[in-house]
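Nothing fancy with the numbering, it's 1 onward along the sequence.
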Amino acid sequence: MSKKRKQSLFIIVYPGEETADEVYHTLRALEKQDKIEIKTAATLHRNEDDKLRLKHRQRLTLWRDEFEVGSIGLILAGTNAGKLAGTLIDTLISQRGCFELREAKAFLDDKLYPDNSGLVILVDNTDWEAIQNDIGISGERLTVELTAKAEKKIAEIAADEGVSDVVQEYVEIEEVTL
């Protein structure tokens, strides 16, 4: 029987406005060395008006899956994305292994300010502690374990136009092609 793949979403806040970008580029180099498998990633900043600015990092060979930048935006907006979306996410994250997701918005409200930066990264089967040693830069971290079912449901919710419009009030999303 094959081992079930573990999906981990890491939200890390670093001191310094450019640090998350530097860490992202280091992670891409580690991915080329097969030390990490990045499904999707984005850097994160908070504007002076308190709105989150998410830079979705696309690659030319973008890994296609249901869990894309809209899903990340929805997680970061949390229950602000509307009552229905909030209720559905709350139900999903109440399932075993997804509890930490409830804390994403509170974590960012507490840790992310305009003079620092964040990284949101979804990876397969990654030992983050080992990767952290290769990066050499540490930050405040929130780890969210996502089941395939939760990923799919969050992607469905994020695809709803009404939910997407509300998410955009809290999270500005920019696509960056590398």
Side-chain angles (χ1 to χ4, degrees), residues 3-14 19-45 52-78 81 85 88-89 92-93 95-105 107-108 111-112 117-132 134-135 137-159 163-164 167 170-178:
K3 186 177 177 182
K4 190 174 185 177
R5 294 188 68 81
K6 179 177 158 186
Q7 310 291 319
S8 299
L9 180 74
F10 295 103
I11 303 171
I12 311 108
V13 176
Y14 298 100
T19 309
D21 292 314
E22 294 168 12
V23 169
Y24 171 76
H25 291 293
T26 301
L27 289 171
R28 286 285 292 131
L30 292 172
E31 184 178 40
K32 291 175 183 174
Q33 298 171 23
D34 293 325
K35 291 187 176 185
I36 185 173
E37 183 182 342
I38 301 171
K39 290 182 69 173
T40 192
T43 54
L44 184 63
H45 298 87
L52 294 175
R53 183 166 178 241
L54 186 70
K55 285 186 183 177
H56 185 228
R57 303 296 182 155
Q58 286 187 313
R59 293 171 271 155
L60 295 177
T61 56
L62 180 65
W63 190 87
R64 294 283 176 202
D65 194 15
E66 297 167 299
F67 197 86
E68 292 187 15
V69 70
S71 299
I72 293 172
L74 178 61
I75 290 169
L76 300 180
L88 289 171
I89 289 174
L92 286 171
I93 62 182
Q95 297 172 5
R96 195 177 118 220
C98 297
F99 179 75
E100 297 88 355
L101 190 54
R102 293 177 195 226
E103 301 171 10
K105 184 177 181 323
F107 173 79
L108 291 171
K111 306 290 183 192
L112 187 65
S117 57
L119 177 70
V120 181
I121 185 166
L122 181 67
V123 295
D124 276 336
N125 289 338
T126 297
D127 177 356
W128 190 260
E129 299 306 321
I131 293 297
Q132 184 64 48
D134 288 335
I135 296 171
I137 301 172
S138 62
E140 300 266 350
R141 180 182 80 217
L142 177 67
T143 304
V144 181
E145 303 301 336
L146 292 172
T147 64
K149 180 180 175 183
E151 280 185 51
K152 183 175 181 175
K153 192 63 179 175
I154 289 170
E156 289 172 8
I157 296 167
V163 171
S164 177
V167 166
Y170 296 94
V171 182
E172 175 186 329
I173 298 173
E174 176 185 346
E175 297 284 346
V176 179
T177 304
L178 299 177

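Distance check: Lys111 NZ to Tyr14 OH gives 14.5 Å after rounding to the nearest 0.5 Å. Distance check, rounded to the nearest 0.5 Å: CG of Leu27 to CD1 of Ile121 gives 4.5 Å. For the atom pair CD1 of Ile12 and CG of Leu119, the computed distance is 4.5 Å after rounding to the nearest 0.5 Å. In this structure, Glu172 CD and Leu52 CG are separated by 10.0 Å, a value rounded to the nearest 0.5 Å. Atom CG in Leu44 sits 14.5 Å away from atom OH in Tyr24 (nearest 0.5 Å). Gln132 CD to Ile137 CD1: the interatomic distance, rounded to the nearest 0.5 Å, is 8.5 Å.
When the side chain to side chain donor-acceptor pair (under 3.5 Å) test is applied to Thr19, no partner is found at least two apart in sequence or on another chain. Thr43 is linked by a side chain to side chain donor-acceptor pair (under 3.5 Å) to Asp21, Arg57, counting only residues two or more places apart in sequence or in another chain.
Nearest heavy-atom pair across Glu140 and Phe107 is O-CZ, 3.4 Å. The shortest heavy-atom contact between Ala20 and Ser117 is N-OG, 2.9 Å.
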Under the criterion side-chain contact (heavy atoms from CB on, under 4.5 Å), I'd like the reasoning laid out for Asp134 against Thr26: C-alpha separation, chi angles, the key distance, then a yes or no.
CA-CA 9 Å; Asp134 288 335; Thr26 301; 5.9 Å; no
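Looking at heavy atoms from C-beta onward, Arg28 lies in side-chain contact with Glu31 at the 4.5 angstrom threshold.
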